[in-house]
Protein chains: 2
Amino acid sequence: MLSLKNAHLSSGDPMKTVIKEPEPEMGVSHVSDETLRAFVGYHMKRAFNVVQTDLARTLKPFDLRMLTYTALVLIVDNPGLRQSQLADAMDVERPNLVVIIDELERRELIVRDRVPTDRRAYALKATLAGRQLCEKAVAAVTAHEQRLLENMDATTRDTVIAAMQLIQKSLSKG
Amino acid sequence: MLSLKNAHLSSGDPMKTVIKEPEPEMGVSHVSDETLRAFVGYHMKRAFNVVQTDLARTLKPFDLRMLTYTALVLIVDNPGLRQSQLADAMDVERPNLVVIIDELERRELIVRDRVPTDRRAYALKATLAGRQLCEKAVAAVTAHEQRLLENMDATTRDTVIAAMQLIQKSLSKG
DNA sequence: TATTGTTATACTCTATAACTATA
DNA sequence: TATAGTTATAGAGTATAACAATA
């Protein structure tokens with residue numbers, strides 16, 4: 001919430017908190033976001049930002065980012081996947097996937113196997129090290145997700161997931 | 001949905017659609033995202049990406065981006081706002097806000113007024129042109145939002161907004 | 001001709017350290 | 001000394017055009 005970011009509302013009982021405000025007669029002491037608050041997209045951006053930040057922190061010990069993590073999981077779960085399929089599945093452009101795959105290959109978490117029947121393509125496969133790192137990372141992300149949802153009931157969670165999928169469907173045809 | 005991105009599932013009746021699949025015996029014809037699908041964050045990222053893209057397209061005619069739009073709306077709604085308050089409200093770092101304000105000022109949509117009682121600070125105010133552009137942009141974003149929510153009932157919408165706020169609260173203290 | 005992977009490139013968003021001028 | 005705004009910089013995500021090898 002925007003309003004909560006203001007010092008006098010940020011934590012504890014506001015009535016008990018005495019904080020110098022920057023000349024309330026001069027500027028604004030309370031930032032109104034009335035217009036923006038009406039939009040779901042606004043709340044999605046703010047929520048996604050904190051999720052992104054927390055996930056990055058979660059994956060840091062494994063030297064993974066959201067994108068390298070997602071790619072690794074999908075390759076582990078789909079041995080033989082091709083780069084174009086992976087790019088499609090991840091909703092990233094083919095050129096942007098190349099550096100992600102480069103990094104995973106350099107760290108020997110996956111291999112690029114040539115496809116004999118189509119020498120243009122690569123079949124992506126996780127190595128043992130890749131599968132092991134993936135397993136640990138998934139466990140960490142599961143813990144991150146539990147933090148994320150600690151005060152949310154299962155019904156709400158399912159509603160949110162369904163809503164996110166609906167939004168994707170509504171806009172991807174526009 | 002990931003699965004929907006595969007050609008044989010992408011549109012229409014799958015049974016009626018005959019499409020060449022890339023050697024189903026060799027690679028994978030259906031990308032399974034079982035592991036990732038379990039995470040709310042995964043769905044949020046995908047949904048937010050399409051929202052972001054559609055919003056960018058929506059704001060393009062006004063030469064605004066999500067951040068310049070948000071800043072403009074907040075300044076219009078909070079005349080006299082200072083940059084540090086705005087940065088706080090927008091959840092962006094102070095240095096990153098500078099270029100946003102620079103751009104809005106260069107386009108004469110806002111002005112930086114010196115605060116007489118604190119010569120370090122600026123009071124941000126929208127110009128007439130700024131307020132007029134803002135009004136049009138808000139209308140366009142409202143239409144974008146309606147596209148976003150065209151198949152979502154109001155209850156679900158409210159649930160999603162509450163959930164986004166809850167997620168922010170859960171993680172921002174970590 | 002079309003597709004797979006690639007290179008190069010550009011724009012945006014995010015994050016940090018360090019500076020200046022005020023307080 | 002602390003704060004408001006600034007500069008510089010770096011990392012990451014996203015998007016497009018154009019190329020070589022192959023189909």
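Labels below follow one simple rule: chain letters A, B, ... track the order of the sequence lines, proteins then strands, and each chain is numbered from 1.
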(message) How many whole angstroms separate atom CD of Glu93(A) from atom P of dT12(C)?
(response) 17 Å
(message) Distance alone, cut at 3.5 Å: any donor-acceptor contact between the side chains of Arg114(A) and Tyr122(A)?
(response) yes
(request) Check Val51(A), Asn151(A), Val160(A) against Ile167(B) for a side chain to side chain contact (heavy atoms under 4.5 Å, CB included) and give me the one that passes. (result) Val51(A)
(message) Going by side chain to side chain contact (heavy atoms under 4.5 Å, CB included), Leu36(B) matches just one of Leu74(A), Val141(A), Asp77(A). Which one?
(response) Leu74(A)
(request) Between dT4(C), dT7(C), dT14(D), spot the one nearest the side chain of Leu67(A), thanks. (result) dT14(D)
(request) Verify the contact: side-chain N or O of Gln85(B) to OP1 or OP2 of dA4(D), cut-off strictly under 4.0 Å; return yes or no. (result) no
(message) Under a 3.5 Å distance rule, please check whether Arg131(B) uses its side chain to pair with a backbone N or O of Ala126(B) as donor and acceptor.
(response) yes
(request) Measure from CD1 on Ile110(B) to P on dG5(D) and round the result to the nearest Å. (result) 12 Å
(request) Check whether any side-chain N or O of Thr53(B) sits under 4.0 Å from OP1 or OP2 of dA15(D), and answer yes or no. (result) yes
(message) Both Val92(A) and Ala123(B) contact DNA chain D. Which one's nearest nucleotide lies toward the 5' end?
(response) Ala123(B)
(message) Please pick, from dT14(D), dT22(D), dA15(C), the nucleotide with the shortest atom-to-atom distance to any side-chain atom of Arg119(A).
(response) dT22(D)
(message) Closest approach to the side chain of Lys45(B), judged atom by atom: which nucleotide of dA15(D), dT6(C), dG13(D) is it?
(response) dG13(D)
(message) Quiz question: going by heavy-atom distance under 3.5 Å, is there a donor-acceptor pair between the base of dA4(D) and the side chain of Asp118(B)?
(response) no
(message) At less than 4.0 Å, is any side-chain N or O atom of Asn49(B) found next to OP1 or OP2 of dT14(D)? Yes or no.
(response) yes
(request) Would you mind reading off the distance between Asp113(B) atom CG and dG5(D) atom P, rounded to a whole angstrom? (result) 13 Å
(request) Take atom CZ of Arg46(A) and atom C1' of dC13(C), then tell me their distance rounded to the nearest Å. (result) 15 Å
(message) Checking contacts here: which listed nucleotide (dA15(D), dT7(C), dG5(C)) is nearest the side-chain heavy atoms of Pro95(A)?
(response) dT7(C)
(message) Is it the case that dT12(C) (base atoms only) and Arg65(B) (side chain only) share a donor and an acceptor within less than 3.5 Å, ignoring hydrogens and angles?
(response) no
(message) Taking the nucleotide of DNA chain C with the nearest heavy atom to each, does Arg94(A) or Arg94(B) sit closer to the 5' end?
(response) Arg94(A)
(request) Measure the distance from CG on Leu97(B) to C1' on dG5(D) and round it to the nearest whole Å. (result) 10 Å
(request) By nearest nucleotide on DNA chain C, pick out whichever of Met66(B) and Arg120(A) is the more 5' one. (result) Arg120(A)
(request) Taking only the side-chain nitrogens and oxygens of Lys60(A), find out if one of them lies under 4.0 Å from OP1 or OP2 of dG11(D). (result) no
(request) Look at Ser84(B) and dG5(D) and indicate whether a side-chain polar atom (N or O) is within less than 4.0 Å of OP1 or OP2. (result) yes
(message) Has Gln165(A) got a side-chain atom pairing as donor or acceptor with His43(B)'s backbone, closer than 3.5 angstrom?
(response) no
(request) Quickly, which of Thr68(B), Leu64(B), Thr127(B) forms a side chain to side chain contact (heavy atoms under 4.5 Å, CB included) with Arg107(B)? Name it, please. (result) Leu64(B)
(message) Just the rounded figure in Å: distance from P of dT6(C) to CD1 of Ile100(A).
(response) 12 Å
(request) Would you please confirm or rule out a distance under 4.0 Å between OP1 or OP2 of dT4(C) and any side-chain N or O of Arg112(A)? (result) no
(request) Specify the separation, in whole Å, of atom CG of Leu86(B) and atom P of dT6(D). (result) 12 Å
(request) Whole angstrom is fine here: how far is it from CE in Met44(B) over to P in dG13(D)? (result) 17 Å
